[in-house]
Number of protein chains: 2
Amino acid sequence: MKPETITETIKVACSSCNLRELCMPIGFTSDDMQKLDSVVATRRRIKQGDNLFSNGDSFTSLFAIRTGFFKTCVSAADGREQVTGFQMAGEIIGLDGIVSDYHSCNAVALEDAEVCVMPFANVEDLSREFPQLQRHVHKIMSREIVRENSVMMLLGNMRAEERLAAFLLNLVQRLHARGFSQSELTLRMSREEIGSYLGMKLETVSRAFSKFSDEGIIEVKQRYVRIIEPDALKKIFNPETCT
Amino acid sequence: MKPETITETIKVACSSCNLRELCMPIGFTSDDMQKLDSVVATRRRIKQGDNLFSNGDSFTSLFAIRTGFFKTCVSAADGREQVTGFQMAGEIIGLDGIVSDYHSCNAVALEDAEVCVMPFANVEDLSREFPQLQRHVHKIMSREIVRENSVMMLLGNMRAEERLAAFLLNLVQRLHARGFSQSELTLRMSREEIGSYLGMKLETVSRAFSKFSDEGIIEVKQRYVRIIEPDALKKIFNPETCT
DNA sequence: AAAAATCTTTGACACATGTCAATAGATTGC
DNA sequence: GCAATCTATTGACATGTGTCAAAGATTTTT
């Protein structure tokens, strides 16, 4: 590998991005589209294991993931870490930084990644000009609030197997929306990271995987997972609504 | 204006509201202030136990709490409830509704309350006109995301007593910002509601209160709480940074 | 004022998950 | 290609919190 600065900048255009439907699904005229392109200043590559931003970094931009996979996590003063989310192509990270002008969590690339850098000043300027963009930004933030509400439900009320079932269903659903298989996936995160997200220890995650596997609900081989009985997973997550 | 039942409408002005510093802390000229007043359409009274909005209600407005105390909660299909937050005067609720145009949680008044109704269309219109308001709305949403991140840390990594200590410290801190005592408070929620928020059963909440009381850290008499040793609470919540 | 309902406290015991430890499998570096 | 380092699995046991039950408090209803 040749030494390169972590930040490689590439000029790009939203108007020609194949993730547009996910990232900025706004009904724009092609004229407006030209202006939208100016939200994105540059692209940036992040190597696996590197941080896109860290707790305490000053906040200037939101990031739209083009390729790759991230986790965001917060840490307590005593070092305990809590993974607060896993993000994939088309999703926006960095919203935590808006309130105080610095980031309060770490965003770590779980595989080599590329993001679109959207200086927040640009986002706000264009939002005032384009009500549809404004609405879209509001929806992205609201969606994150609603997502976190349901994680709180998982952490506060669900048992280990329910949490893992919900986690797997959520992952494949999002991957499927991106054109991947509905039944197969390769986890980009370790058992420990899954556990941190779901509020359980890695051994408990592993045991839950093994249990699902023994019951024929899924096939697991390390980080490869095939969902054999999606309905059984849904039933574990939510016993009431599925028959 | 027609006479109301539960919803009593009162015309009011942000420019003369004593909660302005908390709710809309924006450096406005008095001219701009006049326009800001038009964000708030009406006020509405909610009786203790009534819902300000419910899961499934269509979303039209954000609500700024003027007086009273609320909880927000989500429910799973099988009826399990998760309290996602407690809100007091000067705080904004309803952000969950933006993403899908309907609410995904319930907001319940834990005491008689009064809220300012801010039709979201007004908020968006004025946001495009006033960058400071736009920024403020973004900060409110980001703050909620960051708050939920730290609740995830509580639920995923902390033990019962750490959760309760963090909860009490957070409550008094917010009450203090509103001019109340730093050491005394009257809880507006039951042990069960505290437990739901903190991911533990009401008995565990009660035991943790009793433990703190036995140790002389707090004085508890039902819903009255006096914090005798705030430093001890901080140490429980975060053993590393204190001493 | 008595009765009923609700909320809180406390005890005894159960159990889901955490902790510790050993092994095996996968990946990385030399 | 082999050692070193991660990562995942599995077992045995510990423990924090949940469950169930009973008795006081407190508030509401009659």
Side-chain angles (χ1 to χ4, degrees), chain A residues 1 47-49 71 78 80-83 108 110-112 154-168 185-215 218-226 236 239, chain B residues 47-49 71 78 80-83 108 110-112 154-168 185-215 218-225 236 239:
Chain A
M1 286 286 164
K47 290 226 195 76
Q48 181 170 32
K71 69 170 179 183
D78 59 3
R80 282 180 284 192
E81 281 218 337
Q82 173 70 37
V83 171
V108 185
L110 297 181
E111 59 182 6
D112 289 356
L154 272 191
L155 293 174
N157 274 294
M158 307 289 204
R159 281 169 319 128
E161 288 167 30
E162 297 176 300
R163 296 181 201 188
L164 187 64
F167 170 74
L168 289 173
L185 69 157
T186 300
L187 300 169
R188 300 270 108 104
M189 71 293 284
S190 67
R191 299 290 188 264
E192 185 169 22
E193 287 164 331
I194 296 171
S196 173
Y197 182 57
L198 298 178
M200 48 209 250
K201 296 292 162 183
L202 68 94
E203 294 93 333
T204 308
V205 175
S206 182
R207 277 183 241 273
F209 269 121
S210 299
K211 175 119 185 287
F212 290 169
S213 178
D214 290 349
E215 294 170 341
I218 63 174
E219 182 193 335
V220 198
K221 185 86 197 298
Q222 302 286 124
R223 295 195 177 185
Y224 166 84
V225 178
R226 186 164 65 89
I236 288 165
Chain B
K47 290 225 194 76
Q48 182 170 32
K71 69 170 179 183
D78 60 1
R80 282 182 283 192
E81 281 218 336
Q82 173 69 37
V83 171
V108 185
L110 297 180
E111 59 182 7
D112 289 355
L154 273 190
L155 293 174
N157 275 293
M158 307 289 204
R159 281 169 320 127
E161 287 167 30
E162 298 177 299
R163 297 181 201 190
L164 187 64
F167 170 74
L168 289 174
L185 69 156
T186 300
L187 300 169
R188 302 267 102 108
M189 71 292 285
S190 67
R191 299 291 188 262
E192 185 168 23
E193 287 163 331
I194 295 171
S196 173
Y197 182 56
L198 298 177
M200 48 208 252
K201 294 294 161 182
L202 68 94
E203 293 94 332
T204 308
V205 175
S206 180
R207 277 183 243 271
F209 269 121
S210 299
K211 176 119 183 290
F212 290 169
S213 179
D214 291 348
E215 294 169 341
I218 64 175
E219 182 191 335
V220 198
K221 185 85 197 297
Q222 303 287 124
R223 296 196 177 183
Y224 166 84
V225 177
I236 289 166

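Throughout, protein chains are lettered first and strands after them, A, B, ... in sequence-line order, and every chain is numbered starting at 1. Owing to the predicted nature of the structure, the values given are computational and were not obtained by experimental measurement.
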Engineer: May I ask you to verify whether the side chain of Arg207(A) and the base of dG11(D) hold a donor-acceptor pair under 3.5 Å?
Structural biologist: yes
Engineer: Could you measure the distance from the CE atom of Met189(B) to the OH atom of Tyr197(B)? Nearest 0.5 Å is fine.
Structural biologist: 9.5 Å
Engineer: Using a cut-off of less than 4.0 Å, is there contact between a side-chain N or O of Thr204(A) and OP1 or OP2 of dT17(C)?
Structural biologist: no
Engineer: Among Leu202(B), Val83(B), Val205(B), which residue satisfies the side-chain contact (heavy atoms from CB on, under 4.5 Å) criterion with Ser196(B)?
Structural biologist: Val83(B)
Engineer: Rounded off to whole Å, could you give me the OH-to-C1' distance for the Tyr224(A) and dG25(C) pair?
Structural biologist: 19 Å
Engineer: Nearest whole Å is fine: how far is dT10(C) P from Lys211(B) NZ?
Structural biologist: 14 Å
Engineer: Check this one for me: any side-chain N or O of Lys221(A) less than 4.0 Å away from OP1 or OP2 of dG25(C)?
Structural biologist: no
Engineer: Picking from dT9(C), dT10(D), dT17(C), which would you name as closest to the side chain of Arg159(A)?
Structural biologist: dT17(C)
Engineer: Using whole Å, what does the distance between atom C1' of nucleotide dT8(C) and atom CD1 of Ile218(B) come to?
Structural biologist: 14 Å
Engineer: Remember a base hit wins even if backbone is also touched, and classify Gly195(A) as base, sugar-phosphate or nothing at under 4.0 Å, heavy atoms.
Structural biologist: nothing
Engineer: Check whether any side-chain N or O of Ser210(B) sits under 4.0 Å from OP1 or OP2 of dT10(C), and answer yes or no.
Structural biologist: yes
Engineer: Taking all atoms of both residues into account, what is the closest heavy-atom pair of Val220(A) and Arg191(A), and its distance?
Structural biologist: CG1-NH2, 3.6 Å
Engineer: Using whole Å, what does the distance between atom P of nucleotide dT6(C) and atom CG of Leu202(B) come to?
Structural biologist: 15 Å
Engineer: Do any side-chain nitrogens or oxygens of Arg223(A) fall under 4.0 Å of OP1 or OP2 in dA8(D)?
Structural biologist: yes
Engineer: Would you kindly give the CZ-to-C1' distance between Phe209(A) and dT10(D), to the nearest whole Å?
Structural biologist: 16 Å
Engineer: I want to confirm an ordering. Mapping Gln48(B) and Met158(B) to their closest nucleotides on DNA chain D, which one lands closer to the 5' end?
Structural biologist: Met158(B)
Engineer: If you take atom types as modelled and just measure distance, does the side chain of Glu203(A) reach the base of dC20(C) with a donor-acceptor pair under 3.5 Å?
Structural biologist: yes
Engineer: For Glu215(A), is there an ion pair with Lys211(A) - N to carboxylate O distance below 4.0 angstrom?
Structural biologist: yes
Engineer: Can you tell me if the side-chain N/O atoms of Arg191(A) get under 4.0 Å from OP1 or OP2 in dT9(D)?
Structural biologist: yes
Engineer: To the nearest Å, how far apart are Met200(A) CE and dT9(D) P?
Structural biologist: 12 Å
Engineer: Taking atom P of dT27(C) as reference, at what distance in whole Å does atom CZ of Arg188(A) sit?
Structural biologist: 12 Å
Engineer: Side-chain contact test, heavy atoms from C-beta onward, threshold under 4.5 Å: evaluate it for Leu164(B) versus Ile194(B) and give yes or no.
Structural biologist: yes
Engineer: May I have the distance from Asn157(B) (atom CG) to dT19(C) (atom C1'), rounded to whole angstrom?
Structural biologist: 15 Å
Engineer: Report the residue (Arg163(A) or Gln222(A)) whose heavy-atom-nearest nucleotide on DNA chain C is the more 5′ of the two.
Structural biologist: Arg163(A)
